Structures are given as C-alpha cells and as structure tokens.
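Worksheet: the structure to be examined is printed underneath.
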Amino acid sequence: MTLFAGKKGLIFGVANKNSIAWGISQALYDQGAELGFSYAGEILKKRVEPLAASVNSPFVEECDVTDDAAIDDVFTKAAAQMGTIDFLVHAVAFAPSEELSGRFVNTSRNGFRIALDISCYSLIALARRAREMMPNGGSIVTLTYYGAEKVTPNYNVMGVAKAALESSVRYLAWDLGKDRIRVNAISAGPIKTLAASGVSGFRKSLHYVGQVAPMGNVDQGDVGNAALFLLSDMASVITGEVLYVDGGYNIMGAPDPSIMGGDAKEE
Ligand code: NAD
Ligand code: 0WE
C-alpha cells in the first residue's frame, strides 16, 4: 500500500488509458507515489490531462523527445514543480508506419534515424536530465520487446532500435551507478495498445503468443507490477537488466504440438 510513500517520479509515454505507461502509473499511484506526466503532442493533451488528474498529479506537460530544447524545458518545469525525483519511466517508441511492414532490406535511412532517435536516444537524453533531479539516487525503467533479440517479422527497424535501447540500458547502468541510479528494461509480451493497434498482423501474433507462452498473454497490470518492483528499493542492486514480463514466451523453443496443424498424414 505504501511502497512509494513520499516517492516522486516522471512518466513519459502515456497516450491513453491503454498505454503500458498508464498501467505502470496506476500501480505506482496505488502504492502512494506522486507522479508527473509528459506527453508527445497537443492532440494527446485532452487524453492525458484527465488521466493525470485522476491520480492527483501536480505536473503534466507536453514534450516531443526529438527536441532537445523541449526536453530541457520539461525538466526545468518539473524541477520547479516537483523538486527532486526518485524514478523515471520511459515508455516511448516510434518508427514510421511504412517501416513496420514489407522487406527489412528496404529500411530507409530516414526511417532508421527516426526509429533510433525516438525509441533509443530519447532514453539517454531523459536519463541525463533526470540525473540532475536525483540527488539521492533513483531508478529508471524503459520498455523493450523480444524483437530486439530474435527476428519478429514486420517489427523490422524497431527490432534494431530495441537492441540499441537494451544496450543503452547497460551502458547507462554502468555510468549512472556512480550516482546510485539504477537503469533497467522490461521486455513485455504483446499488449493491445495504441502503438500496437497500428500494426498489421498484431491480432494474430497476440493470439499465437497467448497459445505458446506458459502463462499466456500479459496485460498492462502485469507490466505495472514488475515496474513497481524495479522502481522500488526492493530491487536495490538490480541494474542493467532486461526483465521479461512475457508469460514465459522467451523460454520456449517450439510451441506445444497440440496447438499445431499438420496432423494429416503426409503423402
Ligand atoms: P502507446 O502508444 O500507448 O505508447 C507509446 C508512446 O510513445 C505514446 O504515448 C506516444 O505519444 C509516445 N511517443 C511517440 N513518439 C514520441 C515523441 N516524439 N515524443 C514523445 N513521446 C512520443 O503504446 P505502448 O504499447 O504502451 O508503448 C509503450 C512502450 O512499450 C514502447 O516503448 C513500446 O515499444 C513498448 N512495448 C510495447 C509492447 C506492446 O505490445 N504494446 C510490447 C513490448 C514493449
Ligand atoms: O514496440 C512496439 C510498437 C512500436 C511501434 C508501433 C507503431 C505503430 C504505428 C512503433 N512505431 C509505430 N509507428 C506507427 O506508425 N510493439 C512491441 C508492439 C508491436 O509492434 C509490432 C509488433 C508488435 C508486437 C510491429 C510488427 C510486428 C509485431
């Protein structure tokens, strides 16, 4: 009930009530945390402001993470409003939609640049500013996906961006260890969110993972609980890790034969 009593943090990546970042926010709020929010653009303001109000947030500001001045601005305002913080959640990713289908060999230079900038560099940029607000140390969590490690058809350049993100988690963990700041990633199984709904074949892969994973599909609440752990003092010396919250999907080498077709006798 009070794992986060007196603790404060910033959440980047709430778009609507289905966002993974919102699942994390609710878990943190239930444990007594004070939360500040930053959202991507003017269009999301009417979605995020009521959500923030529902958890008595003292701070809600727009910030496009591709804009250094906007990042400086949001942290200046956050420092003025909230003082110091204990944690930061990075739940931001984007690639141009044309990069998320078709042949990987056709990945464009610009698509690559955008995907890596928004989905990977932004963690480093936010961590640098967060450090200045964490004089007593802290904990940073980002969100990744199995497509970083193993080929997931159509995830394409996002897989490359997530691989770079997971590596950035390790380098940040090393560097920010000096400041008693931990940095970890949660590798979540597929969840129906705004970012996932724009993806062709997502429904099928959600169903497949639900069949193959020992514990089936996961939801925002499952990720929220894992984030709670990593952001809390319970995870006091855990840093640079990628924690799977995927129902066990990643341990499987083949699906259970009972879900597979091909039973008809071969010719
Ligand atoms: P979502 O659409 O709710 O969240 C993605 C967020 O990124 C949105 O809030 C969006 O506004 C933000 N964003 C995009 N471009 C931005 C920019 N330039 N500046 C600031 N913010 C920007 O979807 P989600 O599924 O909750 O995604 C959150 C994180 O979880 C992402 O990193 C995603 O890759 C990761 N993830 C998602 C799944 C899944 O299946 N949904 C699985 C594993 C990991
Ligand atoms: O990280 C993600 C989603 C990331 C994402 C989604 C979009 C859709 C809309 C990044 N950029 C965009 N750009 C858009 O224009 N996931 C883990 C969910 C996801 O995305 C996939 C998946 C899964 C799972 C894409 C292809 C295949 C599987």
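What you see is a predicted model, and the numbers here were worked out from it, not measured in a lab. Counting starts at 1 for both ligands and their atoms, in listed order.
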query: Contact between Ala115 and ligand 2, counting heavy atoms under 4.0 Å?
result: no
Specify the protein heavy atom at minimum distance from [atom]: its residue, its atom name, and the distance to 0.1 Å.
{"atom": "atom 19 (C) of ligand 2", "value": "Tyr155 CE1, 3.9 Å"}
{"atom": "atom 9 (C) of ligand 2", "value": "Ala195 O, 4.2 Å"}
{"atom": "atom 25 (C) of ligand 2", "value": "Val199 CG1, 3.3 Å"}

Polar proximity ligand 2 side, Ala95 side, N/O cut 3.5 Å exclusive: yes
- prompt: Should Ser205 be counted as touching ligand 2, given the test is an N or O pair under 3.5 Å?
  reply: no
message: Using the side chain to side chain donor-acceptor pair (under 3.5 Å) criterion, which residues pair with Asp67? Sequence neighbours excluded.
response: none
- prompt: Hey, quick one: are Met234 and Val183 part of the same hydrophobic cluster, counting side-chain heavy atoms closer than 4.5 Å, chains of contacts allowed?
  reply: no
task: Please confirm whether the backbone N or O of Leu206 pairs with a side-chain atom of Asn217, one donor and one acceptor, at under 3.5 Å?
output: yes
- request: Say whether, by atom type as modelled, one donor and one acceptor occur between the side chain of Asn16 and the main chain of Asn18 under 3.5 angstrom.
  value: yes
Contacts table for ligand 1: protein N or O within a distance under 3.5 Å of ligand N or O, distances only.
unit_1, atom_1, unit_2, atom_2, d
ligand 1, 2 (O), Ala195, N, 3.1
ligand 1, 3 (O), Ser19, OG, 2.6
ligand 1, 9 (O), Gly13, O, 2.9
ligand 1, 9 (O), Ala15, N, 3.4
ligand 1, 18 (N), Asp64, OD1, 2.9
ligand 1, 19 (N), Val65, N, 3.0
ligand 1, 23 (O), Thr193, OG1, 3.2
ligand 1, 25 (O), Thr193, OG1, 2.6
ligand 1, 26 (O), Ile20, N, 2.9
ligand 1, 32 (O), Lys162, NZ, 2.9
ligand 1, 34 (O), Lys162, NZ, 2.8
ligand 1, 40 (O), Ile191, N, 2.8
ligand 1, 40 (O), Ile191, O, 3.3
ligand 1, 41 (N), Ile191, O, 2.9
ligand 1, 41 (N), Thr193, OG1, 3.3

- line: Short version for Ser119: what comes under 4.0 Å of ligand 2, heavy atoms counted, is neither
task: Using a 4.0 Å heavy-atom cut-off, say whether Tyr145 meets ligand 2 through its side chain, its backbone, both or neither.
output: side chain
Can a side-chain donor-acceptor contact be found between [Y] and [X] if the only test is distance below 3.5 angstrom?
{"X": "Arg113", "Y": "Asn110", "result": "yes"}
{"X": "Ser38", "Y": "Glu61", "result": "no"}
{"X": "Tyr145", "Y": "Asp246", "result": "no"}
{"X": "Glu99", "Y": "Ser108", "result": "yes"}

message: Holding to salt bridge (charged side-chain N to carboxylate O under 4.0 Å, His left out), I want the full list of residues that pass it with Asp219, two or more places apart in sequence or in another chain.
response: none
- line: salt bridge (charged side-chain N to carboxylate O under 4.0 Å, His left out) filter on Arg129, not counting sequence neighbours, yields Asp68, Asp72
In terms of atom number and element, which parts of ligand 2 are under 4.0 angstrom from non-hydrogen atoms of [X]?
{"X": "Asn154", "value": "26 (C)"}
{"X": "Ser97", "value": "15 (O)"}
{"X": "Pro153", "value": "27 (C)"}

task: Give the C-alpha distance, both sets of side-chain angles, the deciding distance and a yes or no for ring-ring contact (aromatic ring centres under 6.0 Å, His included) between Tyr155 and Tyr146.
output: CA-CA 10 Å; Tyr155 201 57; Tyr146 193 54; over 10 Å; no
